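Below is one structure, written out as structure tokens, with a few remarks after it.
Note that this is a predicted model, so its numbers are computed, not measured. Numbered from 1 within each chain, the chains take letters A, B, ... in sequence-line order.
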Amino acid sequence: MLLSRLARVSREVAATSARSRKIALLGGLFRDADAEDAPIVIPYLAGRLPQGRLGVGWKILGQGVPPAAEPTLTVRDVDARLTRIGAVTGVGSQAERKRLVGELLAAATDEEQRFLVALLTGEVRQGALDALAVEGLAEATGAAPADVRRAVMLAGSLRTVARAVLANGPGALDAFRLTVGRPVLPMLAHTASSVAEAVGKLGACAVEEKLDGIRVQVHRDGDVVRIHTRTLDDITGRLPELASAALRLAGERFILDGEVIALDEDGRPRSFQETSGRVGSRLDVATAAAAVPVSPVFFDALSVDGRDLLDLPFTDRHAELARLVPEPMRVRRTLVEGPGDLAAAEAFLAETLRRGHEGVVVKALDSPYSAGRRGASWLKVKPVHTRDLVVLAAEWGHGRRTGKLSNLHLGARNPDGSFTMLGKTFKGMTDAMLTWQTGRLKELAVEDNGWVVTVRPELVVEIAYDGLQRSSRYPAGVTLRFARVVRYREDKRPEEADTVESLLTAHPGAAP
DNA sequence: TTCCGACAGTGGGGTCGCAAT
DNA sequence: ATTGCGACCCCACTATCGGAA
């Protein structure tokens with residue numbers, strides 16, 4: 001199949017807003033892909049590279065290569081070239097990658113170039129990713145969408161499922177079963193604003209500690225342990241203490257879901273940054289593990305002794321977990337009968353926060369494990385802080401925000417009337433707010449360098465955030481975590497904005 | 001007819017490792 | 001030695017479509 005066909009379909013998918021039409025376009029293309037093309041075409045149309053990332057970014061892509069006049073590139077040709085580009089390492093590798101990317105772009109037409117650049121930078125922006133590609137694949141093969149979706153969850157890979165179902169038809173989907181050693185997409189949680197809201201929605205539920213660490217899925221098959229992240233990357237080699245903990249458990253074959261977190265001597269959680277740094281370090285794992293040991297804390301069991309537990313209610317899965325994993329390695333929890341039992345849930349949240357953790361996850365007791373979906377049966381609740389800050393500057397937006405001032409630079413007040421930047425946010429704005437703030441900030445503009453518009457510090461905005469974290473980027477040595485706009489405070493003058501001092505006082509743990 | 005679940009888009013900060021400077 | 005860059009951790013929120021109620 002020619003790349004030009006793919007690039008054209010991608011443009012057509014981007015041009016329509018109707019999901020049904022996007023699915024039909026994707027399905028039509030997949031139907032024409034042969035078994036060799038499919039494992040390339042499908043991830044491309046889901047906006048992803050089969051090779052994963054290649055170490056190619058704007059630096060290498062922005063070289064301005066004149067396009068080819070006629071389309072000649074096939075998708076298999078492109079795949080082979082990209083595989084070669086990804087394999088380049090060592091001194092001078094960036095120059096060599098740049099040369100190879102230049103050759104590829106020179107062989108591509110204008111439309112193909114634009115598609116390749118979008119693909120390599122992860123900015124396909126066609127309004128269709130994995131979920132719609134799954135629907136398109138179902139349409140192309142006559143399989144039920146739910147069956148394809150489940151196979152993808154269990155395989156942890158759309159590409160593998162696509163190859164099988166295109167080669168052998170819908171019957172091939174039955175072969176995808178939960179298998180120890182093969183990671184599955186983890187179940188995710190929605191957000192609720194309070195424990196009362198969460199318990200009100202779920203009824204009988206478990207309220208569990210939410211730990212601020214790294215999600216892990218642990219597979220053990222006899223003597224072999226594999227550990228995967230939320231995106232299914234294999235990090236077994238980075239967590240030797242977790243692997244040996246898994247080998248000490250009483251079962252021989254299982255899949256567990258949980259979190260790893262660094263704790264201090266008193267058992268209090270260390271900052272997310274410390275856990276993340278530890279789990280991220282790859283070179284000298286023994287030294288890293290000695291300096292910052294991490295603890296596994298499990299909360300679910302997906303498979304035990306060859307039994308697939310995914311469709312069992314959470315109560316039954318947890319019973320299996322409790323048989324296998326001793327209490328200190330399980331997440332702390334309390335059971336709640338329903339809204340009549342709210343006080344117990346509130347008390348548990350308060351106790352969890354006192355122990356230094358992030359919040360709680362409220363889980364329906366009767367729900368199955370919805371792999372790969374943000375099922376509404378898990379609801380996280382975290383405390384939210386708010387502050388009134390001042391807009392110091394704003395950045396021009398991209399994509400659907402092109403032409404709008406989007407990303408705000410936020411400042412807190414100093415005693416002398418100046419402001420200290422604490423971070424940025426683009427979250428929480430409605431389209432109406434984007435339009436309004438673009439006009440208002442243009443009135444306050446003192447400079448526009450084409451990327452950042454600096455403004456007079458006069459506009460006050462109420463910002464919600466999850467806490468302070470240490471920063472080497474911002475002058476106060478701290479920054480806001482997950483900042484988002486709540487509303488503009490035109491009733492407030494900048495002299496009434498909150499101060500750096502008050503923030504540091506409110507979050508003493510983060511002070512530099 | 002209205003409501004709501006699922007998706008995609010829009011980017012935030014940090015850390016690590018690698019290659020270039 | 002320092003800097004720049006990409007990958008991958010954590011993540012909130014709004015708009016939209018289309019099926020469910």
message = Could you tell me if Asp257(A) and Tyr369(A) have a donor-acceptor pair between their side chains, going purely by distance under 3.5 Å?
response = yes
key: Donor-acceptor pair between Arg401(A) and Ser406(A) side chains, under 3.5 angstrom   = yes
note = Sorted by chain and residue number, the ring pair (Phe, Tyr, Trp, His ring centres under 6.0 Å) partners of His385(A) (sequence neighbours excluded) come out as Tyr465(A), His507(A)
note = Separation of dG5(B) atom P from Leu188(A) atom CG, nearest Å, is 16 Å
ask   = Starting at the 5' end of DNA chain C and moving along, which residue's nearest nucleotide shows up first, Asp431(A) or Lys382(A)?
value = Lys382(A)
key: Between dG13(B) (P) and Leu480(A) (CG): distance, integer Å   = 10 Å
inquiry  = Mind checking if Asp466(A) touches a base, just sugar-phosphate, or nothing, with heavy atoms under 4.0 Å?
reply    = nothing
ask   = Lys404(A) NZ to dG9(B) C1': how many Å, rounded?
value = 15 Å
message = Among residues at least two apart in sequence or on other chains, which ones pass side-chain hydrogen bond (donor to acceptor under 3.5 Å, both in side chains) with Lys22(A)?
response = none
task = Starting at atom CG of Asp234(A), determine the distance to atom C1' of dC8(C), rounded to an integer number of angstrom.
result = 14 Å
task = Could you work out which one of dC11(C), dC9(C), dG9(B) sits closest to the side chain of Lys427(A)?
result = dC11(C)
message = Need the pair for dC7(B). Rule: Watson-Crick or G-U wobble, both distances under 3.5 Å, any strand; none if unpaired.
response = none
5' priority, DNA chain B, between Phe272(A) and Ala133(A) [closest heavy atom] = Ala133(A)
key: Given dG11(B), dG13(B), dC11(C), the nucleotide with the shortest approach to the side chain of Lys210(A)   = dC11(C)
ask   = In whole Å, what is the span from the NZ atom of Lys424(A) to the C1' atom of dC11(C)?
value = 17 Å
request  = Could you work out which one of dA15(C), dA8(B), dC10(C) sits closest to the side chain of Ala131(A)?
outcome  = dA8(B)
request  = Let me know the distance between CZ of Arg238(A) and P of dC8(C), rounded to the nearest Å.
outcome  = 9 Å
message = Under 4.0 Å, counting only non-hydrogen atoms across every strand here, what does Ser17(A) touch: a base, just sugar-phosphate, or nothing?
response = sugar-phosphate
message = Of the listed nucleotides (dC10(C), dG12(B), dG9(B)), which one gets closest to any side-chain atom of Phe426(A)?
response = dG12(B)
task = Return no unless some side-chain N or O of Thr425(A) is found under 4.0 Å from OP1 or OP2 of dG11(B).
result = no
message = Using heavy-atom distances to pick each residue's nearest nucleotide on DNA chain C, tell me which of Gly428(A) and Arg481(A) is more 5'.
response = Arg481(A)
query = So, is Asn407(A) near the phosphate of dT10(B), with a side-chain N or O under 4.0 Å from OP1 or OP2?
reply = no
Please tabulate, for the side chains in residues 283-293 of chain A, all donor-acceptor contacts under 3.5 angstrom to protein atoms that are two or more places apart in sequence or on a different chain.
residue: Asp284(A); atom: OD1; partner: Thr287(A); partner atom: N; Å: 3.2
residue: Asp284(A); atom: OD1; partner: Thr287(A); partner atom: OG1; Å: 3.0
residue: Asp284(A); atom: OD2; partner: Thr287(A); partner atom: OG1; Å: 2.4

query = Considering only side-chain heavy atoms of Ser20(A), which listed nucleotide, dG18(C), dG12(B), dA8(B), is closest?
reply = dG18(C)
query = What is the nucleic acid contact for Lys22(A), judged by heavy atoms within less than 4.0 Å: base, sugar-phosphate only, or nothing?
reply = nothing
ask   = Looking at Leu353(A) and Glu358(A), what are the two nearest heavy atoms and their distance?
value = CD2-O, 3.7 Å
Proximity to the side chain of Asp233(A) - top-ranked nucleotide from dG12(B), dG9(B), dC8(C) = dC8(C)
key: Lys98(A): side-chain hydrogen bond (donor to acceptor under 3.5 Å, both in side chains) partners, not counting sequence neighbours   = none
message = With a cut-off of less than 4.0 Å, is there a side-chain N or O of His398(A) near OP1 or OP2 of dG9(B)?
response = no
request  = May I ask you to say what Thr430(A) touches in the nucleic acid, namely base, sugar-phosphate or nothing, with a heavy-atom cut-off under 4.0 Å?
outcome  = sugar-phosphate
request  = Give the nucleotide from the list dC10(C), dT16(C), dG12(B) with an atom nearest to the side chain of Arg19(A).
outcome  = dT16(C)
ask   = Separation of Leu239(A) atom CG from dC9(C) atom P, in whole Å?
value = 11 Å
key: Distance in angstrom units between Glu123(A) CD and dG11(B) C1', rounded   = 10 Å
query = Does dA6(B) have OP1 or OP2 sitting under 4.0 Å from an N or O in the side chain of Arg149(A)?
reply = no
ask   = How about Glu501(A): does its CD atom have over 12 heavy atoms from other parts shown lying under 6.0 Å from it?
value = no
request  = Please determine, for the side chain of Arg215(A), which listed nucleotide (dG9(B), dC10(C), dA15(C)) has the closest atom?
outcome  = dC10(C)
key: Heavy-atom protein contacts under 4.0 Å, nucleotides 14-21 of chain B, coded B base, S sugar-phosphate only, - none   = SSSSSSS-
message = Please enumerate all residues that pass salt bridge (Lys or Arg N to Asp or Glu O under 4.0 Å) together with Asp212(A), with sequence neighbours excluded.
response = Arg481(A)
task = Please determine if a side-chain N or O atom of Arg401(A) lies less than 4.0 Å away from the OP1 or OP2 oxygen of dT10(B).
result = no
request  = Would you mind classifying the nucleic acid contact of Ala464(A) as base, sugar-phosphate or nothing, using non-hydrogen atoms under 4.0 angstrom?
outcome  = nothing
